Amino acid sequence: MPIVAHNNLPTFDRLRAEGQNILESDWAIHQDIRELHVGLLNMMPDAALAATERQFFRLVGQSNQIAQFYVHPFSLPGLPRGEKARAHIERYYQSFEAVRELGLDALIITGANVSGPDLAEQPFWSPLIEVVDWAFEHVTSTLCSCLATHAVMQFRYGQRRQPLPDKRWGVYTHRVVDHSHPLIDSTNTLFDVPHSRFNEVSREQFEAVGAKVLVESDEAGVHLATSPDGLRIVMFQGHPEYDTISLLKEYKREVDRFATGARESYPPFPDNVFSRKAAAVLDEHRHLLQRALDRGREPPKFPEARIAEDLDNTWRDTAEGVVGNWLGLIYRVTHNDRRVPFMDWVDPDDPLRMLTRP
Ligand SMILES: CC(C)(COP(=O)(O)OP(=O)(O)OC[C@H]1O[C@@H](n2cnc3c(N)ncnc32)[C@H](O)[C@@H]1OP(=O)(O)O)[C@@H](O)C(=O)NCCC(=O)NCCSC(=O)CCC(=O)O
Ligand SMILES: N[C@@H](CCO)C(=O)O
């Protein structure tokens, strides 16, 4: 939440000049204080469905301890679902139609697991476009994660993601590229973000369509970019919402796939995740697993608990900071009627310029 400039202390001028979020006192008095409504379009596969819910609820909830947030999860027809996940969605999720009817201030779209190279062939393609197109006109800002970013870059901006030679998988150091943007002007300038993807949209592709690249990694590429207007679509390629154990879970899944013959090669370690001690335990497991397979014996149990207790999380506080900035910016420009994306004097094509009242 912004600080109110309730007198003429020179510090306010200095902070304003830095681009800090300062609320003028006459605006503060008239601000329409209310709760914020955040949609969560959860496209993650069944095994990660509830974990992903928790991750984004946590990020939104912990980003600000004062404002009230209502998070509205919904999903899309066309995503393959087992019985349990389908029942969970039917019981606890809203339909897109119901969400659209009541309106949202913000929308988060998760990543998804897809098979096949062409996103446009996926069964969720048309429903996803419908949601994003509606949101672009009616929701103040949409935050896209990973595959959702790739989909938006393809259908809104005509830039197709490219397959990577090897899966980009691990935790990587990133730098803030544009310090002046209010989404990241108060974060650390150097911070970590997990990535887990086979595909990539490059910096050149973002820049070719006028998107603003805000956070990038030498090793992992672009993490954070926005639509050319600076706010209406916020695109993550990484997974700052991931739990400390998420990449370990994915590694364990790959080891299990090797054990059952579903993958040929033993999986590499995700980058920068395991300590030397953890790597030694996992190498030992690989050795025992290979020996069991060679002798036709039951594979040993994956040493998950031993590894989990040794993992560090080096990305969460920055993730919360960015999400807090995002929700704060949305609050400043959103209309009191939650079905209307912007207050009357905000220019949808340049909403950040209107942070100071005309
Ligand atoms: C790795 C697995 C399979 C792990 O699930 P499992 O059911 O096997 O887990 P498990 O070991 O049996 O443990 C079950 C417990 O762990 C929790 N759990 C499950 N997955 C978790 C996760 N990722 N992070 C944190 N907790 C997790 C469950 O809620 C459950 O908790 P309780 O017992 O407490 O209930 C899953 O998380 C998964 O499918 N993740 C992959 C997600 C994915 O596809 N990402 C793609 C996005 S990337 C993208 O968008 C693609 C871009 C591109 O293609 O380039
Ligand atoms: N954007 C509104 C808050 C949401 O109703 C205001 O600043 O008054």
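All heavy atoms count here, side chains included; hydrogens, waters and symmetry mates do not. Counting starts at 1 for both ligands and their atoms, following the listed order. Because the structure is a prediction, the values reported are computed rather than measured.
The atoms of ligand 1 that sit less than 4.0 Å from any heavy atom of P45 are 39 (O), 44 (O). Counting the atoms of ligand 1 from 1 in the order shown, those under 4.0 Å from a heavy atom of H239 are 47 (C), 48 (S). Listed by number with element, the atoms of ligand 1 under 4.0 angstrom from any heavy atom of C146 are 48 (S), 49 (C), 50 (O), 51 (C), 52 (C). Ligand-side atoms of ligand 2 in range of R34: 5 (O), range being under 4.0 angstrom from any heavy atom. Those atoms of ligand 1 with a heavy atom of K252 less than 4.0 angstrom away are 10 (P), 11 (O). The atoms of ligand 1 that sit less than 4.0 Å from any heavy atom of Q55 are 24 (N), 25 (C). Under a 4.0 Å criterion applied to the non-hydrogen atoms of Q31, ligand 2 contributes the atoms 6 (C), 7 (O), 8 (O). Near S196, the atoms of ligand 1 lying under 4.0 angstrom from a non-hydrogen atom of the residue are 48 (S). Atoms of ligand 1 found under 4.0 Å from any heavy atom of A112 (numbered from 1 in listed order, with element): 46 (C), 47 (C), 49 (C), 50 (O), 51 (C). Distances below 4.0 Å separate heavy atoms of F198 from the following atoms of ligand 1: 53 (C), 55 (O).
Which of P117, A51, G238 comes nearest to atom 27 (C) of ligand 1 through a heavy atom is settled by distance: it is A51. Of all the listed residues (G111, A148, A50, A48), A48 holds the heavy atom that lies closest to atom 37 (O) of ligand 1. Evaluated by nearest non-hydrogen atom to atom 1 (N) of ligand 2, the leading choice among V346, D337, T334 is T334. The residue from R197, R253, E304, K167 that puts a heavy atom closest to atom 40 (N) of ligand 1 is R253.
Atom 30 (C) of ligand 1 has R54 NH2, 4.6 Å as its closest protein atom, hydrogens excluded (heavy atom only). Atom 54 (O) of ligand 1 has N199 ND2, 3.3 Å as its closest protein atom, hydrogens excluded (heavy atom only). At the shortest separation from atom 5 (O) of ligand 2 among protein heavy atoms lies D32 O, 2.8 Å. If you check which protein heavy atom lies closest to atom 25 (C) of ligand 1, you get D243 OD2, 3.1 Å. Closest to atom 4 (C) of ligand 1, if we only count protein heavy atoms, is K249 CB, 4.0 Å. Looking from atom 45 (N) of ligand 1 to the surrounding protein, the closest heavy atom is M44 CE, 3.6 Å. S246 OG, 2.8 Å is the protein heavy atom nearest to atom 24 (N) of ligand 1. Closest to atom 36 (C) of ligand 1, if we only count protein heavy atoms, is A47 CB, 3.9 Å.
In this structure, atom 10 (P) of ligand 1 has protein heavy atoms in its sub-4.0 angstrom surroundings. When distances from atom 32 (P) of ligand 1 to the protein are checked, no heavy atom turns up under 4.0 Å. For atom 52 (C) of ligand 1, the nearest protein heavy atom lies closer than 4.0 Å.
Residue E200 does not touch ligand 1, judged by heavy-atom distances below 4.0 Å. The part of M343 lying near ligand 2 is the side chain, judged by heavy-atom distances below 4.0 Å. Using a 4.0 Å cut-off between heavy atoms, L147 contacts ligand 1 through both its backbone and its side chain.
Checked against the 6.0 Å centroid criterion, the rings of F96 and W134 qualify as a close aromatic pair. Proximity of the aromatic rings of H174 and H195 is defined here by a centroid distance below 6.0 angstrom, and this criterion is met. Y70 and H37 have their aromatic ring centers within a separation under 6.0 angstrom.
With respect to R197 and E200, a salt bridge is recorded, a charged nitrogen being found less than 4.0 Å from a carboxylate O. A salt bridge links E130 to R100: one of the charged nitrogens lies within less than 4.0 Å of a carboxylate oxygen. A salt bridge links D46 with R81: at least one charged nitrogen is closer than 4.0 Å to a carboxylate oxygen. A salt bridge is defined here as a Lys NZ or Arg NE, NH1 or NH2 lying under 4.0 Å from an Asp or Glu carboxylate O, and D283 with R286 fails to meet this definition. A salt bridge does not link D271 to R168: none of the charged side-chain nitrogens sits closer than 4.0 Å to a carboxylate oxygen. Checked for salt-bridge contact, E254 and R257 meet the test: a charged N lies under 4.0 Å from a carboxylate O. At a threshold of 4.0 Å, the pair E18-R14 does not count as salt-bridged, since none of the basic side-chain nitrogens sits closer than that to a carboxylate oxygen. Under a 4.0 Å N-O distance rule, the pair R58/D243 qualifies as a salt bridge.
Y157 has its side chain out of reach of F206: every pair of non-hydrogen atoms, C-beta onward, lies at least 4.5 Å apart. Residues R34 and T334 meet the side-chain proximity criterion, which asks for heavy atoms closer than 4.5 Å. Annotation: side chain of E219 is not in contact with side chain of T173 (no heavy-atom distance under 4.5 Å).
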